[in-house]
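In what follows, every heavy atom counts, from backbone to side chain, and hydrogens, waters and symmetry copies are set aside.
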Amino acid sequence: MASQDSSEQTLGRIMRERRDKAKRLGEQGAPAYRNDVRPTHSLAEIRRRYGDTRPESPPPGIQPVDGERVCVTGRALARRGFGKTAFVPIRDESGDLQLFLNVDHLDARDFETVLPSLDVGDIVGAEGPVFWTKRGELSILCERFYIVTKSLRPLPDKWHGLSDVETRYRQRYLDLAIHPEVREVFRKRSEIVRGIRRFLDDRGYLEVETPMMHPIVGGAAARPFETHHNALDMKLYMRIAPELYLKRLLVGGFERVYEINRNFRNEGLSREHNPEFTMLELYRAYATYEDLMELTEALVGELAREVLGGTTVTWDGRDIELAAPWRRITVQDALAELGGVSGEVFDDPVAAAEVAISRGVAAEDVARALVEPLSADEVGEIARQCGAQAEGGPSRPGAASGEADAVPGDATAAVLAAFGRAEERPNLAKAITARYEDEMQARVRAGAIAYKIFEEVVESQLVQPTLLTQFPLAVSPLARKNEVDPAFCDRFELFVGGREIANAFSELNDPDDQRARFEDQIRARAQGAEEVMDYDEDYCRALELGMPPAAGEGIGIDRLTMLLAGQNSIRDVILFPLLRPE
RNA sequence: GGGCCCAUAGCUCAGCCGGUAGAGCAGCGGACUUUUAAUCCGUUGGUCGAAGGUUCGAAUCCUUCUGGGCUCACCA
């Protein structure tokens, strides 16, 4: 019963009406998509130029400020019509300004044909002098008025804006068009990147570009995206980090290099994780991680002063002071001070395991860390032992995983499962650690677990900028060992607001040590670890040529932007964050 | 992947103790020669995210699915 026209939905009707207007404009000699309007000034320039000559009380009547005629362009944000007069606030990249369109001043044809066809959202142009309205608003007294580009889709509510988060991300163009504060965030992001380049360029660093498609996985602990090259019929991985390529450049003789580019990691999405994210990595020969702590303090302080105009920022509701010096504390001291965990956990893996589980670390993760250096045969033997114990314990239907001839993966699974049962855990932990080669290996394993405790209980407490130093060896496969205590590495991470912002270390340049670390990674993979690196033979070959001692650092640009722009979600600092398809 | 929450007009939202939808803005028509979310009069517009189910009857209750948010897990 609905009639053809009246049943048409609002959006469809609005768009049809706007298309009709565009068509009519063209027929009347005022094309709706034109490219012959050249602004003489940005809106901000007009304000700068005339804004400070604002009269105490504007002269009566309509009086141009001076004899100059300007041309401006922008998107129409609203239309307030008064019959013989209309006000149209417009916005360009620089800011907002109001057009004043009056029948006595505007070209008659523009008034009669163009103005009535105007819709909010159209991109318009106007020519005329500048003047002040009675209410004291700087305006363009329009003599000519153009619809430069017709907008067919209606803008969101001018008062409430667009609050639907999903639409803001999916239609970022719309978000940007109506929310100046969103543009401001991305302008800051650009300033930050520019500031980093200037900072490093001034200090003699060379900006380089290294591959983003890698034949093997390396440089970080993360799962990669896979792709394929047809002509070479070759599997490729989107890079998870540029580290190993940049250090090859140190071998080649570049002593200070950096790269700002995308990394890709195949992991979940969250407020602080986007699968593709931008990373700064820099390397400096003849330097240590301690030099980079100073560099980082200087860099972040300088960026804050440039972008914020000061060194204090509110992030996630907390005030943060970014001025140097920042607190420096070892992972071990932080764990003791902020977690009440004694240093014993860095020496004794069995004790570390119990503390970790009592502090909320998943038993399976703890077990995995313990088992990592063992061979498949050794794990099998342990599985046999704990399988026997399990029969007396809580029943596990179809518990084939504990059987003697189980494949290595099953043996590992059985050990991990058994580790979850508190009454078996002490004996199991002892059985595993008894197979360690020496005291050092035990301390390295303890460190791996201690670091999990650190992540669980300490990280979120590091609100003010904190440089954490001396990381356990097991979680730093590319970092140089500490010369006093080789169970640790010369490494630091910067935490702000409970989030990791930067990661740096003195680089491992002993090729034989590096080979041993890669072998550890391969062993860990055999025990089921997924986020491990491939053995990079060519990288080892490069180190064998000799890499100067060096320090390197990675800084997450997205998180740094979040910090300096006061944004709580990484999606608010990435123009087009990954979303499921509509 | 788990838990909690959300999805109603182009936008922002109400309706949710079941009786098949409302407001403001935007739009359309009209009035108005200095407005600032202009105002005033009139008015159009909805397969209530999708599919099933319960019921005489579902926007409303139940189930599943889709998309999103928060959170946990994952994530150096």
Side-chain angles (χ1 to χ4, degrees), chain A residues 2-3 5-18 58 60-62 77-89 96 98-106 111 119-121 131-137 139 141 152-170 174 178 219-223 240-241 243 265-275 277 331 360 362 364-365 448 451-452 454-455 459 468 471-472 474-479 489 491 493 495 499-500 502-505 530-533 554 556 568-569 571 579-582:
Chain A
S3 65
D5 269 355
S6 64
S7 70
E8 190 178 355
Q9 288 192 11
T10 313
L11 178 60
R13 195 183 61 211
I14 290 170
M15 292 185 66
R16 179 178 50 74
E17 284 162 357
R18 291 187 174 199
I62 297 169
L77 301 175
R79 180 168 75 157
R80 295 186 282 275
F82 288 83
K84 301 290 171 30
T85 293
F87 297 86
V88 178
D96 297 356
Q98 173 175 279
L99 304 182
F100 178 86
L101 302 121
N102 177 273
V103 66
D104 299 330
H105 297 80
L106 183 61
F111 189 85
D119 287 296
V120 171
F131 90 117
W132 293 92
T133 63
K134 191 159 70 184
R135 296 291 183 91
E137 175 91 12
S139 307
L141 175 55
L152 300 181
R153 292 184 177 271
L155 250 34
D157 186 286
K158 62 176 171 251
W159 186 245
H160 298 97
L162 182 62
S163 68
D164 184 75
V165 181
E166 182 180 354
T167 307
R168 285 187 43 226
Y169 296 149
R170 286 195 193 281
L174 181 60
I178 63 173
R223 269 182 281 183
I240 57 172
E243 173 154 355
R265 297 188 183 176
N266 208 339
E267 25 186 74
L269 292 76
S270 79
R271 236 163 45 131
E272 25 198 303
H273 296 267
N274 194 62
F277 61 100
V331 169
E364 186 180 322
D365 292 342
Y451 186 68
K452 290 184 188 299
F454 168 81
E455 287 178 309
E459 279 188 5
L468 267 297
F471 279 66
V475 296
S476 316
L478 301 169
C489 282
R491 168 179 171 184
E493 283 191 355
F495 278 83
R499 295 166 190 161
E500 181 196 337
N503 176 24
F505 40 83
E530 284 177 316
E531 288 95 17
V532 294
M533 305 178 194
N568 297 329
S569 171
R571 292 179 159 187
L579 298 172
R580 283 192 168 80
E582 279 182 87

Requested in this report: Verify the contact: side-chain N or O of R170(A) to OP1 or OP2 of G68(B), cut-off strictly under 4.0 Å; return yes or no.
Outcome: yes
Requested in this report: Taking atom P in both G3(B) and C65(B), compute the distance separating them and give it to the nearest angstrom.
Outcome: 11 Å
Query raised in the report: U44(B) and C5(B): how far apart are their C1' atoms, nearest whole angstrom?
Result: 35 Å
Report task. Report the distance from atom CZ of R271(A) to atom P of G68(B), rounded to the nearest whole Å. Result -> 18 Å
**Report entry** C13(B) OP1/OP2 closer than 4.0 Å to side-chain N/O of S163(A)
**Finding:** yes
Requested in this report: Taking atom P in both G53(B) and U43(B), compute the distance separating them and give it to the nearest angstrom.
Outcome: 41 Å
Query raised in the report: Base, sugar-phosphate, or nothing: which does I62(A) touch, judged by heavy atoms less than 4.0 Å apart?
Result: base
Report task. Report yes if a side-chain nitrogen or oxygen of R135(A) is closer than 4.0 Å to either non-bridging phosphate oxygen (OP1 or OP2) of U36(B); otherwise report no. Result -> yes
Query raised in the report: What integer number of Å spans the P atoms of C61(B) and A7(B)?
Result: 11 Å
**Report entry** Whole-angstrom distance between C48(B) and G30(B), as gauged at atom P
**Finding:** 33 Å
**Report entry** Spacing of the C1' atoms in G27(B) and A9(B) (rounded, Å)
**Finding:** 11 Å
Query raised in the report: F87(A) CZ to A38(B) P: how many Å, rounded?
Result: 11 Å
Query raised in the report: Rounding to the closest angstrom, what is the interatomic distance between U55(B) and G18(B) at atom C1'?
Result: 9 Å
Query raised in the report: For the base of U44(B), is there a side-chain donor-acceptor partner from R13(A) under 3.5 Å away?
Result: yes
Report task. Would you kindly check whether a donor in the side chain of D164(A) faces an acceptor in the base of U12(B), or vice versa, at under 3.5 angstrom? Result -> no
Query raised in the report: Side chains of L77(A) and K158(A): closer than 4.5 Å at any heavy-atom pair?
Result: no
Report summary line: From CH2 of W159(A) across to C1' of U36(B) the rounded distance in Å is 10 Å
Query - Protein-nucleotide distance (E166(A), atom CD; G68(B), atom C1'), rounded to Å - result: 5 Å
Report task. Using atom CG of L101(A) as one end and atom P of C32(B) as the other, report the distance to the nearest whole Å. Result -> 18 Å
Query raised in the report: Does G27(B) have OP1 or OP2 sitting under 4.0 Å from an N or O in the side chain of T10(A)?
Result: no
Requested in this report: In whole angstrom, give the distance that lies between atom CZ of R168(A) and atom P of C11(B).
Outcome: 15 Å
Query - F471(A) and F454(A) aromatic ring geometry - parallel, tilted or perpendicular at 30°/60° bounds - result: perpendicular
Report summary line: Whole-Å distance, L11(A) CG to G46(B) P, equals 12 Å
Query raised in the report: For U43(B), what is the paired nucleotide under Watson-Crick or G-U wobble rules, both distances under 3.5 Å?
Result: G27(B)
Query raised in the report: Starting at CG of L99(A) and ending at P of A38(B), how long is that distance when rounded to a whole Å?
Result: 15 Å
Query raised in the report: Does H160(A) or F131(A) map to a spot on RNA chain B nearer the 5' end, using the closest nucleotide for each?
Result: H160(A)
Report task. Assess whether one donor atom and one acceptor atom, taken from the side chain of D157(A) and the base of G10(B), lie less than 3.5 Å apart. Result -> no
Query raised in the report: Between Y451(A) and S569(A), which is nearer to the 5' end of RNA chain B once each is assigned its nearest nucleotide?
Result: S569(A)
Query raised in the report: For Q98(A) and U34(B), is the shortest distance between a side-chain N/O and OP1 or OP2 below 4.0 Å?
Result: no
**Report entry** Separation of the P atoms in C75(B) and G52(B), to the nearest angstrom
**Finding:** 41 Å
Query raised in the report: How would you label the contact of G61(A) with the nucleic acid (heavy atoms, under 4.0 Å): base, sugar-phosphate, or nothing?
Result: base
Report summary line: So CE of M533(A) and CD of E243(A): to nearest 0.5 Å the spacing works out to 6.5 Å
Query - Distance test, side-chain N/O of R80(A) to OP1/OP2 of A38(B), below 4.0 Å - result: yes
Query raised in the report: Quick one: is A38(B) close enough that its OP1 or OP2 comes under 4.0 Å of any side-chain N or O from K158(A)?
Result: yes
Query raised in the report: Has R580(A) got a side-chain N or O lying under 4.0 Å from the OP1 or OP2 atom of G67(B)?
Result: yes
Query raised in the report: For the base of U34(B), is there a side-chain donor-acceptor partner from T85(A) under 3.5 Å away?
Result: no
